[in-house]
Amino acid sequence: MGPIPRTFRLRAPAYDLDATLSSGQAFRWRVAGSVWTGVIRDRWVQLRSVGNEIEARTVAGAEDRSVLAAYLQTGVDQNVILATFPRDPVLAEAVSTAPGLRILRQDPWECLASFLLSSTKQIVQIRQIIEILCQRLGPPLLTPAGFPAAHGFPSAARVAEASERLLRACRTGFRAPYLLATARAVATGQFSLAELGLLPLPAARLRIQELPGVGPKIADCVLLFAYGRTEAFPIDVWIERVLRQGYFAGREVPRRALLDFAAAHFGVHAGHAQQFLFHWARLRAGRRA
DNA sequence: AGCCAGGCAGAGA
DNA sequence: TCTCTGCATGGC
């Protein structure tokens, strides 16, 4: 056992940390140079890519290694995912832009709450809102000497006992009552995030959409980014544009039809394809959003 | 300045 | 089932 190291490394071949942490699936990471600073399970973490490894710096225990590996999904063989993709020039172009882009495995509550706050917001704004929320409601965390204070993501119970006024003061706008009602449903146990993971995808989609403020898009984001349902395929305005232009000659297609197409065309890991397409579209647009 | 943003709920046809 | 609208806020 011995003393707990402050830094350790994970083997992570073909892992594009920059693309993964900047691709709009998690909102609490900040980069300075090549060093990413964030929070995983109420632990302050810094990450940087070093060759085929990811170096982590933390203040806490050795179990962080498995927690970090689970979060980053470093055990997933990217080639296995890519091998399931169809031969398709549009997807190929997107993949070639960042072949090491991964899907994280996030905490379900944090992911759900974050995407509840995402509707009709640019990613920069989502990050700002969530940062304010964490500063005001989240638990203070230990950070190494010389580093600024950090806060964890507030629990469902903590959000549930907040007022709508307080949540609106975090710039959440019309999303505040949705966040509050959903937090209460989760905190009281009326809605079980654990049971959600046991359901097949169609049932899980319907179940999570029972929560106020959660529709098809947010449902699939949570199932993809927090439950590892890699066949989930969130369709937002970016993905809708990419699919229309790339696969339907620019025609308008209902989202329901786009979802059917995605499942049939992209296959069992359609969610990964979605993330490649999303990241590529945003890069191509000059990272405006 | 005005358009748009990792949408959703409710109303009305 | 489908279409339309209101919703807060701020970046570009």
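Only heavy atoms go into these numbers, but all of them, side chains included; no hydrogens, no water, no symmetry mates.
Minimum atom distance to the side chain of A:T120 is reached by B:dG7, of the listed B:dA9, B:dG6, B:dG7. The side chain of A:P234 has B:dG6 as its nearest neighbour among C:dG11, B:dG7, B:dG6.
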Any chance you could lay out the salt bridge (Lys or Arg N to Asp or Glu O under 4.0 Å) test for A:R136 and A:E131, step after step, and finish with the verdict? CA-CA 9 Å; A:R136 300 198 182 170; A:E131 202 49 43; over 6 Å; no
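One N or O donor and one acceptor, one from the side chain of A:Q275 and one from the base of B:dG6, sit under 3.5 Å apart. The base of B:dG6 lies close enough to the side chain of A:Q274 for a donor and an acceptor atom to sit less than 3.5 Å apart.
Using a 4.0 Å heavy-atom distance criterion, A:P216 is classed as a sugar-phosphate-only contact. A:S118 comes within contact range of the sugar-phosphate backbone alone, with a heavy-atom separation under 4.0 Å but no base atom that close. Using a 4.0 Å heavy-atom criterion, one finds that A:F278 contacts the bases of the nucleic acid, with or without backbone contacts as well. Contact annotation for A:I239: base contact, defined as any heavy-atom pair under 4.0 Å involving a base atom. Among the atoms of the strands shown, only primed sugar atoms or phosphate atoms (P, OP1, OP2) are found under 4.0 Å from some heavy atom of A:G215. Here A:L211 lies in heavy-atom contact (under 4.0 Å) with sugar-phosphate atoms only. Looking at heavy-atom distances under 4.0 Å, A:R256 makes no contact with the nucleic acid at all.
Evaluation of A:F115 against the base of B:dG6 yields no stacking contact (centre distance < 5.5 Å, interplanar angle < 30° required).
On the P atoms, C:dT5 is 23 Å away from B:dG6, given to the nearest whole Å. Straight-line distance between the P atoms of C:dA8 and B:dA1: roughly 24 Å, to the nearest whole Å.
Surrounding CZ of A:R41 are at most 12 heavy atoms belonging to other residues, nucleotides or ligands under 6.0 Å away.
Electrostatic pairing of A:E53 and A:R11 does not count as a salt bridge here, judged by no charged N lying under 4.0 Å from a carboxylate O.
Within the structure, every side-chain polar atom (N or O) of A:R175 is placed at least 4.0 Å from both OP1 and OP2 of B:dG6. A:R171 has a side-chain polar atom (N or O) that falls below the 4.0 Å cut-off from OP1 or OP2 of C:dG10.
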